[in-house]
Protein chains: 2
Amino acid sequence: MGPKLLSNADQAQMGRRERKRVQTVQHLAECAWNLFEQIGYEQVTMEAIANAADVARGTLYKHFPAKEALIAYRFRQDQIKHQAIVQNAALAAPNIFDAFMRVLRMEAAYAERNRDYIAPYVFYRLSNAQENANPFENDSFAPLALALIRQGQVDGVISAEQDAQSLAEKLIFLRLGTMLRWLRKPETVLADMYTEMLHFFFHGAEGGKRKIP
Amino acid sequence: MGPKLLSNADQAQMGRRERKRVQTVQHLAECAWNLFEQIGYEQVTMEAIANAADVARGTLYKHFPAKEALIAYRFRQDQIKHQAIVQNAALAAPNIFDAFMRVLRMEAAYAERNRDYIAPYVFYRLSNAQENANPFENDSFAPLALALIRQGQVDGVISAEQDAQSLAEKLIFLRLGTMLRWLRKPETVLADMYTEMLHFFFHGAEGGKRKIP
DNA sequence: TAGATAATTGAACAATGTATAATCATGTAC
DNA sequence: GTACATGATTATACATTGTTCAATTATCTA
């Protein structure tokens, strides 16, 4: 249901108006990103972006209701681009734990490369959580996590008594906490923290050790 | 180390300047809260609060750098007020799980009573997470959770291999996710969701069932 | 009492985000 | 192809947030 990468065929079918809209959006995103990289995200104002793209400020706001939306667009595009690779990596894994591990490793690598943008992105998505059903519904991670959890339940590695959707949401918030801790501590490595997080996700605080009943 | 409820003796020792500061802060918070209750949090502007309290806008901003800070102040005061009761309830519990349960039940009751303010409060605390070590460090829940987790480790109910601080943070973000889901779904009961969350916190997605080794 | 320190005020400022009327480009129906 | 509806763009104004600054007032300290 989400937006997809547009083939040339799709573009031809769209009509000039829609085609121009997409073009404008891409142009705005590009100009914004250039500015972000040049002078730093925080320093860039919406006015500056509009000027760089040579449109009125109102036009910019029409397509991107906030500066963070420009990051979200970028990230979304990248997610769509990498979706197939990530899914295949997950499918090729020998078990659910490794599948998650591979997905999270790729995500960690991406996050390390885009560190400066993670915080504004996350808070933006979170603040708009009231509207969407799930704050990270558009995120490509959520549906993948859900699928893997369901598979885990089939395999018997994950308790079938717990609602898969609910488990997915818990994982998403564990991931959020992990990301924020990583952002706060410059010396940490996100992929390592994800490993610890995954262990906790599967075994909980009890840690897989059973108390004598 | 955090702010404490002020006894009269404390106030006498403070000096007029500090005494007036506290007085102003309380006055501002009161005026703001009255407005929030009268016309709804979203509708109230900082200017309106300043006018109601009969101070310059700059003065209001000096004490409360954002509208959300007025909620945070309120909540903090209430937390301090209830701290002893909550702690005693936790101490009186027969085990760690029940201790958490009692604490979270009280918190749930409080949240249900203050539903309208939870979302802005949470996002505000979260956005200021870069500064503080932990986004909910000033929260009275964090240190209590940490203490209970350490106790759980002593009792052998919680794996001693995992860092208590790290576990506490995980619980805090599970709690965050739970709160946001509760906010999104008006039909849900927060206390019930906390129960499920706690079960997950202890046993993980595996759910306490061991796979055949 | 004198001088340092902190709080308050009023004003201006930069930026965000919303709203509106006028204008221009595109789509659709005839 | 013309006519009309619809969507996008522009310029502008507006309310609000949050910051800054110089001038003033109140408190503290020596």
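Because only heavy atoms are used, hydrogens play no part in the values below, and waters and symmetry mates are left out as well, while side chains stay in. Residue numbering restarts at 1 for every chain, and letters A, B, ... go by the order of the sequence lines.
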Proximal nucleotide (of [options]) relative to the [X] side chain:
| X | options | value |
| --- | --- | --- |
| B/Arg57 | C/dT18, D/dT17, C/dG10 | D/dT17 |
| B/Thr45 | D/dG18, C/dT16, D/dT16 | D/dT16 |
| A/His63 | C/dA7, D/dT9, C/dT8 | D/dT9 |
| B/Val55 | C/dA7, C/dG17, C/dT9 | C/dT9 |
| B/Arg17 | D/dT17, D/dT27, C/dT18 | D/dT27 |

How many whole angstroms separate atom [atom1] of [X] from atom [atom2] of [N]?
| X | N | atom1 | atom2 | answer |
| --- | --- | --- | --- | --- |
| A/Arg19 | C/dG27 | CZ | C1' | 12 Å |
| B/Tyr61 | C/dT9 | OH | P | 15 Å |
| A/Lys62 | D/dG7 | NZ | P | 9 Å |
| A/Ile39 | C/dA15 | CD1 | C1' | 14 Å |
| B/Arg16 | D/dA26 | CZ | P | 11 Å |
| A/Leu70 | C/dG17 | CG | P | 11 Å |
| B/Tyr124 | D/dT17 | OH | P | 14 Å |
| B/Leu35 | D/dT16 | CG | C1' | 16 Å |

* Examine the side chains of B/Gln77 and B/Arg74 and answer whether a donor and an acceptor come within less than 3.5 Å of each other. => no
* To do: Give a yes-or-no answer on whether the side chains of B/Lys20 and B/Thr24 include a donor-acceptor pair shorter than 3.5 Å.
  => no
* To do: Starting from the 5' end of DNA chain D, give me the residue, B/Lys20 or B/Gly58, whose nearest nucleotide shows up first.
  => B/Gly58
* Asked: Which comes earlier along DNA chain D counting from the 5' end, the contact point of A/Ala56 or that of B/Lys67, where each point is its nearest nucleotide?
  -> A/Ala56
* Quick one: are B/Leu171 and B/Met197 in side-chain contact, heavy atoms under 4.5 Å? -> yes
* Would a 4.5 Å heavy-atom cut-off, applied to side chains only, mark A/Arg115 and A/Trp182 as touching? -> yes
* To do: State whether A/Thr59 places a side-chain N or O below 4.0 Å from either non-bridging phosphate oxygen (OP1 or OP2) of D/dA11.
  => no
* Asked: A/Gln79 pairs by side-chain hydrogen bond (donor to acceptor under 3.5 Å, both in side chains) with which of A/Gln83, A/Arg76, A/Lys81, A/His82?
  -> A/Arg76
